[in-house]
Amino acid sequence: MDSSTSDAVSKARDRGNRLYRAGDLPQAKEIYSQGARLAPQDIRFPANLSRVEFDMGNYGEAASHLERALSLVTAQLDPTMVQELHVRLVEAYLLTHKLDEARAAISNITSEHDRHLLKQNVQSMEAVETLYRDKEILWRQMVERLPRYRPKLADDVEFSAVGRDAATSAFDTSLADSNQEDYSFLFPNVGDARDVFATLADISLRSSRKHSLTLKKFYFTLVDLKSATFARDLLMFRMLADCATESEKERRVTLATLAYTFAGHIMPSWTYDRLQTAIHHVMDELQRRLPLIMGNFCIDTATRTSISSHLLNWQELPADWYSTEGILDSTRQQHADKKKAKRERVGIAPEVTRGVITKVPPPECEPDSTDTLNFLNLSFMLPSAPLMKEYEPQLAELIVAHQFEAGVSTTTQPVLDARNNSLPNVNFTPQEVVCNLYWNGHPRNIAPDCQGAFEHLMGFFSFIGEWMVVDNVVSFMELSEHGIPSDAHPPFPNRYDRIQMSYIPDYAGGPLTVLLHGIPILRHYKTSEMSFRVALNVEQWDTRDQLLAEYLILDNRTAVTNTLAVTLTENPFYIDDVISGRRFRSNEPLLKCLLSWSRMTYGPLPWTKLVPRGDLEKWLHMHFLKICLPFRRIDTLSHSVFTPSNTIMFFRLLVHLSRVGYPLHWLSGVVGSMCTGEISTQARPPRAKIAGKAEVEHRHPRMSISIRPFIEEFKTLLVIWRRLLPFALLQDEKQLPSLDTIREYRLAFVWPEALTQDYKPVITLVLWNVGANGVMPRQTLRDVLLDDESGDPRYRDIARGPGRVHVISTLKFNSKTRIASFWFSDALIQDMLSARSNWAAYIFDTNSWVVLSEPVRVTRANLEIGDVWCRS
């Protein structure tokens, strides 16, 4: 090598090292590559390139450079450097799940300690992959056994049959103008299916103007946690299908039944009879086990069974507290209360969506219209004049005789508390329902010449009923609680052009949950969209960015994009002047507008877009601490700012970050350090009920924080999730329990009967070492668990000591039997059950951090021991 080349090689090495130390890895890679071309026998260049590629998460490239470097090893080289290369090579193989190569490479490591740890890693990965060769089995087990959220202490109303939001079409101009042969839509919170109906109406209108759309296929996937929703919606689709073959007289009755089913408080006996006919037909098809109900609906077996039970119940007369008199009295009272509350408001906000628009109600559906006033006077919706003349010639006498029955919109909604015979919420008017239903479609295009709520409802369902049958574009609909039909069902899309999340974030702990679950199943990047609204807590936020700061712990939209690879869709309807929190003739913010999101890419983000490793670790620590130690929110119950996420959320977040492109050893390192029970971090548990931008941006002094009260649950779930994580766990295997020692346990609890009548706490299970800790502080548990500057020093030993307290957020709870079930390490439980131990279990409310239950001794008599998660 001549002197000029030698000088260039030296400069390349020095410059590459400076760039590496400065964190400019792409440039360091370029310079090291230049040096390697100049000096192909210099081991330092492939060694440095392996380090750069490894740091950037390019483990395959790192392994290639390491193999090259190791081929250049000479006897004169520092043995420590050579061993570092061998260890890095094994780790690169492990992170890419190349177990055979990793096992072979381990033999070259001379350090007994390193060789032993890496052998354990390989053996554990092999054992898990042997147990779950098919990951789908484990995913199914996860869905069935591990809840996504903390449970509530009492059940909610089974479902709200009448929605309150504006129906929004998922079909838009960009989809209509595309060259796609088919379109797929997902409605995860389908409710009364108003968004589905609005989408069908929109497709029909566009098809009348663009014939090519009639040749397309449209797929709808409807999902809801509550099968009663599906039962009601299925009845409506059954009646819509019947309209095509009925006589004109029969069709009018069917359309009237649809109107009362969708928006009525009570219904006439002749429509009630027609509803019973529909129930009979649907029950018949369900019992015959047809692959497709009505030729279009694919429904999984478990949901079919649940739907059948609801339909069977609806064939019976309503319970006493659903009598006609009760519904009418409740309607009058609730509307009187609503009117009083309205007078007390400072201002009345207009209906606003996708911009500053004041929607004009359909004719005779205005708040002061004759039709509305008639409803408020009578407390029920009158049929149209022709139908009244034909079927209700002496309407007043029939009402007195109670020939109006409670409508499906109320009878399918169970009472809030059956012991007190509480009536459902009936403070809506059919006219309000019609205004929301027609939000996307102008009445003159769908139901011209109609007047009043009843006629507009009949006209709307007539319009979509004709189109569904004639054009046959609704070729498939899949209704499923879990979305995994059997192999007997025809194929259906698993990626979607549009996902309408409705208000799910309000109940699921904010946008993070829906982003993690919804964005990965969008069909195309940039063009496919997922939308949701903020409704229950709009008064909490002045801007969208404030909402994102609280729920995503990210202070601006660029940070959201670079961390999660998603972006808010910006188009003229979503200008910041509209939905940044400015007031519009009212004291109510405008965050009820749809927030639409798209995915940025199908592959990983470029390295230059990723946030630095330290910032990502701080962000992950903030999420974990927020999950474990949510701030007290008892005084914000009316604002519905929920924090129901459990520890499962953290693992889903890790999976998503790996898809975004964050290096796997970063994620593995975060998990490994957490398993020690302490984290060195600049993050802190939440210090306010709602995090602001300043808190998200703030860097606290780095300190060591104990997470021991939460770590045993974390390690239990980590072992279960291990096969599903896209990275290897490069840590001491002794820290983790074996998968075949993870068992399900059940405990029964007792609390005051009146506790859950008006308030349904979000709960967690606490196992408390009475022998070591003494009496449980029933009002200040959060202070006990805090191990930062704000923690109570009197309890510091409890938060930091192993085996003092275990907090379990991932549990199921049966409100009837009051039994909590959870998965945990058998070794830890056996230690609690030993004669020398004294442990008690409590149910805590994580909104108030106050104990709710009486203590339950953790003994063999009280603790029911279930089966192991998986047998080896």
Side-chain angles (χ1 to χ4, degrees), residues 165-188 190 193-222 237 240 296 353-355 357 359 436-448 459-478 492-502 518-519 521-533 567-575 578 593-599 602:
D165 54 313
T168 304
S169 171
F171 197 62
D172 53 33
T173 301
S174 63
L175 285 180
D177 292 342
S178 70
N179 296 321
Q180 295 178 209
E181 292 301 317
D182 58 76
Y183 305 91
S184 56
F185 306 94
L186 173 63
F187 298 89
V190 66
R194 60 180 53 200
D195 288 344
V196 179
F197 295 139
T199 303
L200 292 173
D202 196 8
I203 294 171
S204 178
L205 284 172
R206 294 178 186 272
S207 298
S208 66
R209 302 163 187 160
K210 187 176 182 179
H211 178 71
S212 61
L213 288 176
T214 64
L215 306 177
K216 308 285 188 177
K217 292 184 177 180
F218 295 82
Y219 297 87
F220 294 78
T221 299
L222 279 59
F237 282 109
L240 283 168
N296 280 325
T353 188
R354 292 202 168 195
I357 302 172
K359 189 71 174 180
N436 287 329
L437 187 62
Y438 276 86
W439 188 260
N440 268 109
H442 198 285
R444 67 170 175 266
N445 295 325
I446 297 175
F460 184 91
F461 289 116
S462 176
F463 179 78
I464 63 173
E466 291 176 1
W467 177 79
M468 284 176 59
V469 176
V470 173
D471 288 329
N472 194 30
V473 295
V474 185
S475 58
F476 178 82
M477 287 189 178
E478 183 267 328
F492 63 92
N494 60 3
R495 295 294 183 270
Y496 302 94
D497 296 294
R498 295 291 184 268
I499 301 176
Q500 294 276 51
M501 284 287 190
S502 185
I519 292 296
I521 58 175
L522 285 175
R523 191 174 193 176
H524 305 288
Y525 73 93
K526 293 186 179 179
T527 58
S528 299
E529 296 180 6
M530 180 187 71
S531 303
F532 58 79
R533 290 183 174 90
T567 183
L568 274 167
T569 302
E570 299 292 349
N571 58 50
F573 295 114
Y574 287 82
I575 56 176
V578 175
C593 302
L594 279 178
L595 299 179
S596 291
W597 301 76
S598 62
R599 63 191 301 171
Y602 270 119

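- The CG atom of L437 lies 6.0 Å from the CZ atom of F461; values are rounded to the nearest 0.5 Å.
- Listed for the K216 side chain is a donor-acceptor partner under 3.5 Å among the backbone atoms of Q180.
- Counting all heavy atoms, side chain and backbone alike, P188 lies closest to M501 at CG-SD, 3.5 Å.
- Contacts of T527 classified as side-chain contact (heavy atoms from CB on, under 4.5 Å), with partners at least two apart in sequence or in another chain: H524.
- Between T199 and R498, the closest side-chain pair of non-hydrogen atoms is not below 4.5 Å.
- Atoms CZ and OG1, on R206 and T214 in that order, are 15.0 Å from each other to the nearest 0.5 Å.
- Between A447 and G459, the closest heavy-atom pair is CB-CA, 3.8 Å.
- Partners of N179 under the side-chain contact (heavy atoms from CB on, under 4.5 Å) rule, at least two apart in sequence or in another chain, do not exist in this structure.
- For D497 (side chain) and S528 (main-chain N/O), no donor-acceptor pair under 3.5 Å exists by modelled atom type.
- Although no hydrogens or angles enter the test, the distance criterion places no donor-acceptor pair under 3.5 Å between the side chain of S184 and the main chain of D182.
- The aromatic rings of F218 and F171 lie perpendicular to each other, with more than 60° between the two planes, well past the 30° mark.
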For the pair T569 and S596, evaluate side chain to side chain donor-acceptor pair (under 3.5 Å) and give the outcome as yes or no after the intermediate values.
-> CA-CA 5 Å; T569 302; S596 291; 5.2 Å; no
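- Within the model, atoms CG of L200 and CG of L205 stand 11.0 Å from one another, a figure rounded to the nearest 0.5 Å.
- Residue D172 holds its CG atom at 4.5 Å from CG of L175, rounded to the nearest 0.5 Å.
- Here the two rings, on F237 and F220, have centers that are 6.0 Å apart or farther.
- Here Y219 and Y496 keep their ring centres 6.0 angstrom or further from each other.
- L213 is listed as a side-chain neighbour of Y183, based on a closest heavy-atom distance under 4.5 Å.
- With a 4.5 Å cut-off on side-chain heavy atoms, M530 and I519 count as touching.
- The structure places OG of S169 at 13.5 Å from CZ of F197, a figure rounded to the nearest 0.5 Å.
- Taking CZ from F187 and CD1 from I499, the interatomic distance works out to 10.5 Å, rounded to the nearest 0.5 Å.
- Contact annotation: the side chain of Y438 approaches that of I446 to within less than 4.5 Å [non-hydrogen atoms, C-beta and beyond].
- Aromatic ring orientation, W597 versus F532: parallel (interplanar angle below 30°, classes split at 30° and 60°).
- Pairing each heavy atom of D195 with each of Q500, the nearest pair is OD2-CB, 4.4 Å.
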Could you go through the side-chain contact (heavy atoms from CB on, under 4.5 Å) check for S598 and T567 one step at a time?
-> CA-CA 6 Å; S598 62; T567 183; 3.4 Å; yes
